[in-house]
Amino acid sequence: MLYSPGYAALGHPTVAAFFAPDGLMNDEPIDLGRLARMDPDAIAQAHDRFFAELYRYVRYRVPSEDVAEDIVSDVFIRLLDAIRRGKSPHTNLRGWLLSTSSNAVNDFFRRAYQRDSSGLDETLASDDPGPTSILDNQARQADLQAALAQLTPEQQHVIALRFGAGYSLQETAELMGKGINAIKALQFRAIGALRRHMGTDLP
Amino acid sequence: MTSHLERAFEACWSAMLQGETLETCLSRYSDLSHTLRPMLQAAQGAHAHWDSAVPGSAITRSRTRVLSRAAELRRRLAPRRRPSPLPRMAFVGAALFLLFIFGGAGLVAASAETLPGDDLYPIKLAVEQVQLRTALSTSTRLSLASSFEMRRIEEIKRLLLLHRVAPVQFDGRLDQISGDLYTVEGVPVMASPATQLASDLRPGDFVSVAGDTHSAGWVLAASILRAGQQFVGVVDAMGAENWTVSGSSVRLAPDSQIDSGIALGDRVTVQLHSEDGRMVAASIHLLERGSSGPAPVTPGEIPPAAVTSAVPSSTHMPSSEDGAGTPTKAPAPETISFAGMVQSKSQAEWTIDGHTVSVTAQTQIEGSIQTGDTVDVSAERMADGSLRAQKISLVQSNWDGGGDSGESYEFTGRVESISSAQWVIAGRVVLIDSHTDIEGSPEVGDRVQVKVFTKADGSLQAEKIENQDSGSGGEGSSTPSHDD
């Protein structure tokens with residue numbers, strides 16, 4: 001990681017760039033200093049860098065592409081707001097974005113349930129006509145998402161990271177700020193809980 | 001036992017991701033297969049719904065929203081440039097002098113708890129402006145602006161609790177829409193038929209609300225517009241204080257920047273911002289002369305009426321079947337013009353307001369245009385539907401160059417042009433003088449690392465340019481070389 005001691009001294013975003021060791025994490029640095037100044041190039045760069053990852057993660061958990069797009073877009077706007085309030089992530093931008101995405105998804109379901117719990121089921125189910133296989137697939141996805149929503153936030157997060165977004169065990173551990181053994185245990189419990197909530201619908 | 005199960009599960013799942021079958025894996029853990037099997041099947045089921053497709057249009061729309069929000073934040077923080085510390089200090093001294101002479105410290109303190117509509121409330125706002133203007137760094141200004149925004153919202157919530165009626169204006173995130181009731185940052189806002197409403201508002205949008213608190217516990221909105229809203233329209237009426245643009249009333253302010261020579265029927269870009277609780281024109285720029293106007297156009301659309309060529313869009317395009325094989329001359333491509341934000345730039349293509357336009361050597365580019373800037377585009381629509389830019393001109397720069405004047409920072413990018421006084425590097429004009437340290441004899445096309453500082457007038461003065469010539473293109477990146 002590249003640290004900017006001057007920023008640290010001022011209590012401003014302290015990390016000028018984010019690096020990670022391998023695979024999905026091996027990126028060009030994102031410059032928090034430029035983000036803090038609302039540099040459009042830096043913002044566009046960060047947005048385009050992380051959008052796809054966040055979208056896949058969120059789309060795995062929510063019922064429609066439109067909802068996923070709105071949530072991911074909102075996460076980036078929350079990042080801008082966090083930066084200007086001096087509450088930006090200091091060490092792990094990707095982890096912050098994914099964690100915020102998880103919270104935003106939780107908020108979405110909370111609002112949906114508050115509006116109308118029965119409406120949520122309607123949201124999760126698709127009315128689109130189409131071949132039976134597509135409908136079956138959509139129905140299974142809706143069932144999965146409904147079951148996911150029954151888990152604890154942390155269990156939902158680990159399932160979506162590992163089985164939805166495709167992060168490795170190591171990457172998931174880094175993103176969640178936990179040890180590998182803790183992630184193994186968490187995902188095991190999460191899969192068990194998911195299976196119980198899905199009943200016999202899972203293959 | 002559980003730990004053993006967890007390890008076995010992870011080992012099997014990793015192997016299955018590499019192509020191993022469930023049965024093969026279970027055969028290695030025969031003592032656990034009864035428990036492992038349903039767990040791995042559940043994992044298979046959870047993984048089966050992974051969809052790697054990401055709609056390209058979603059990325060573009062999202063980028064537009066995020067850059068718009070960033071532009072709005074920059075506009076609020078529009079740096080009051082300080083050529084030297086003296087004017088700032090003079091301002092501080094004068095402001096404090098006036099406040100204390102005419103009001104006294106007690107008055108300032110008393111104003112702190114006031115609400116909109118109170119006699120002392122303007123003093124509270126004035127003190128905030130002093131604090132903003134005297135902030136020593138961009139980050140401090142950001143933090144202050146944010147806390148003042150939150151303060152506005154808290155004030156409105158208190159007004160509503162007290163059932164007081166007062167004019168209010170605030171910006172915030174649109175939480176939800178339920179019929180005519182809009183919730184913005186937790187504040188209920190009621191729209192009426194008289195409310196000026198931005199089109200296609202969605203939860204998550206950042207909006208500026210102007211109106212009055214109502215004793216019933218909500219704000220009756222005079223307008224709910226996207227923060228920093230810009231729209232394109234035709235001038236219907238022009239008054240000393242108000243214009244009407246495509247049916248919308250636009251209030252002018254003394255500092256509104258208005259292009260000279262605008263006449264009725266002209267097509268213009270209007271940039272609004274909030275001021276003293278009202279949406280006023282920050283700028284009105286002429287886009288196109290005309291005597292009859294198109295319908296209002298929402299941002300993101302290419303206005304149909306912007307088609308300026310003699311070839312209407314419905315013109316039949318000749319094909320090889322026309323004229324019994326007689327060679328036909330292709331009609332001139334239609335020319336369209338539109339305005340919007342630059343969302344991305346590469347050497348050959350720019351994305352502007354969601355539209356991709358190709359940029360060629362013949363494209364006339366006016367101004368030093370950066371991502372996030374608002375531009376006018378004149379482009380030809382080619383036979384395949386693509387757009388080729390003829391001219392792109394800067395309407396409004398939304399980027400202040402990286403911070404307060406005097407700030408030094410570095411960036412990398414390709415050299416696009418070289419002259420004795422200035423170079424263009426990665427789209428940025430960089431001034432050169434005898435003190436500029438140029439290493440490695442860079443030429444046009446070379447990739448260089450540049451250290452610049454921002455001059456008081458916003459221009460970039462190069463301190464050092466170093467030829468890197470790594471052979472990879474791109475817009476470059478930059479890092480601050482010292483503190484904010």
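Since the structure is predicted, the reported quantities are computational estimates derived from the model, not experimental observations. Proteins come first, then strands; the chains are lettered A, B, ... in the order of their sequence lines, and each starts at number 1.
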With rounding to the nearest 0.5 Å, note down the distance linking [atom1] in [X] to [atom2] in [Y].
X        : Y         : atom1 : atom2 : value
Ile71(A) : Ser62(B)  : CD1   : OG    : 12.0 Å
Leu67(B) : Phe76(A)  : CG    : CZ    : 11.0 Å
Tyr60(A) : His47(B)  : OH    : NE2   : 8.5 Å
Glu6(B)  : Ile191(A) : CD    : CD1   : 12.5 Å
Phe51(A) : Thr60(B)  : CZ    : OG1   : 9.0 Å
Gln44(B) : Phe163(A) : CD    : CZ    : 10.5 Å

Looking at side-chain heavy atoms only, is the closest gap between [X] and [Y] below 4.5 Å?
X         : Y        : answer
His47(A)  : Ile59(B) : yes
Arg59(A)  : Val54(B) : no
Gln187(A) : Phe9(B)  : yes

So, for [X] and [Y], which heavy atoms are closest and what is the spacing to 0.1 Å?
X         : Y         : answer
Ala46(B)  : Leu194(A) : CB-CD2, 3.9 Å
Arg162(A) : Trp13(B)  : NH2-CD1, 4.0 Å
Ala42(B)  : Arg195(A) : CB-CB, 4.0 Å

Does Glu69(A) form a salt bridge (charged side-chain N to carboxylate O under 4.0 Å, His left out) with Arg65(B)? I'd like the steps, not just the answer.
CA-CA 11 Å; Glu69(A) 179 186 326; Arg65(B) 275 188 69 197; over 6 Å; no

Quick one: does any side-chain atom of Tyr55(A) pair with a main-chain N or O of Pro55(B) as donor and acceptor, under 3.5 Å?
no

Report the option among [options] that has the most heavy-atom pairs separated by less than 4.5 Å from atoms of chain B.
options                                 : answer
Ile159(A), Ile43(A), Leu169(A)          : Leu169(A)
Leu148(A), Asp81(A), Val72(A)           : Asp81(A)
Asn181(A), Leu80(A), Ile77(A), Asp74(A) : Ile77(A)

